[in-house]
Peer 1: 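Shown below is the structure under consideration.
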Amino acid sequence: MTLDGSSYHHGGLRAALLSEAAAMIDEGGTSIVTMRALGRRLGVSRSAAYRHFADKSALLVAVATAGFDHLRDRLDAVGADAPGAGIDRLRQFGEVYVRFALENPGHYRLMYGKEAISREDLPELRQVANGLFDELVNVFQSYQRSGAIERQDPQLQAYVAWGAVHGLASLLIEGQILTDVDVDGLIRRTTSTLLDGMRAGR
């Protein structure tokens, strides 16, 4: 039996739809995500799902946006104790990024991976994605001013750092690193090697 969604508390069904859609993407990609299938998995009617999202595209955009919001929250938590943290904060940013991808592969695939949604015609998604990158650029600028890292184009440095952690995250969640490897150690080695190349006076 399916319900009209009233059994969920206010806002609860929307959150459940986003979470379940991300799980489905992880299982089989966006092609298996339908409003009917979502409703069936959650035990609610398809019409209940449509009350929160106009169509599948709107749902997927919301899943991707939620992913960016979750990642921002995780990175902000790293910055909460920034005073005195030194360049180690940059290493933590990288490690948090990769672990977020591993813990939330469905969201990550929509944000950056093989299922990623084109942001060209989606201002709301483009804004949240660009805002997150701009914050990373600001972090690099602050470490340049402090003398912790070399003074170079901070945007280029941010792209280099992002490329390194994104590459590792993608290889891991897509199962491309097949050998028996210490994942935590690999994450730490990647971020440490990256920072070693950026330190001032090396």
Peer 1: Indicate yes or no: does Lys114 engage Glu174 in a salt bridge with an N to O separation below 4.0 Å.
Peer 2: yes

Peer 1: On a heavy-atom basis, which atom in Asp76 and which in Glu135 lie closest, and how many Å separate them?
Peer 2: OD1-OE1, 3.9 Å

Peer 1: Taking all atoms of both residues into account, what is the closest heavy-atom pair of Ala21 and Leu38, and its distance?
Peer 2: N-CD2, 3.6 Å

Peer 1: Gln127: which residues meet the side-chain hydrogen bond (donor to acceptor under 3.5 Å, both in side chains) condition with it, sequence neighbours left out?
Peer 2: none

Peer 1: If you compare all heavy atoms of Ala62 against all heavy atoms of Phe53, which two are closest, and at what distance to 0.1 Å?
Peer 2: CB-CE2, 3.5 Å

Peer 1: So, are Arg119 and Glu124 salt-bridged, with charged N and O less than 4.0 Å apart?
Peer 2: no

Peer 1: Answer yes or no: is there an ion pair linking Arg41 with Glu27, defined by an N-O contact shorter than 4.0 Å?
Peer 2: yes

Peer 1: Measure the shortest side-chain to side-chain distance between Leu102 and Val183 over non-hydrogen atoms and say whether it is less than 4.5 angstrom.
Peer 2: yes

Peer 1: Is any side-chain heavy atom of Ile149 closer than 4.5 Å to one of Gln157?
Peer 2: yes

Peer 1: Pick from Phe133, Tyr108, Tyr159, Tyr97: which one makes a ring-ring contact (aromatic ring centres under 6.0 Å, His included) with His166?
Peer 2: Tyr108

Peer 1: For Arg91, check salt bridge (Lys or Arg N to Asp or Glu O under 4.0 Å) against everything at least two apart and list the hits.
Peer 2: Asp88, Glu95

Peer 1: Looking at every heavy atom in both Val78 and Phe93, which two are closest together, and how far apart are they?
Peer 2: CB-CE2, 4.1 Å

Peer 1: Does a side-chain N-to-carboxylate-O contact under 4.0 Å join Arg126 and Asp121?
Peer 2: no

Peer 1: Does atom CZ of Arg72 have more than 12 heavy-atom neighbours from other groups under 6.0 Å away?
Peer 2: yes

Peer 1: Do the side chains of Trp162 and Leu156 join up, straight or via other hydrophobic residues, at under 4.5 Å, putting them in one cluster?
Peer 2: no

Peer 1: Do Leu90 and Thr191 have side chains that approach each other closer than 4.5 Å (heavy atoms only, starting at C-beta)?
Peer 2: no

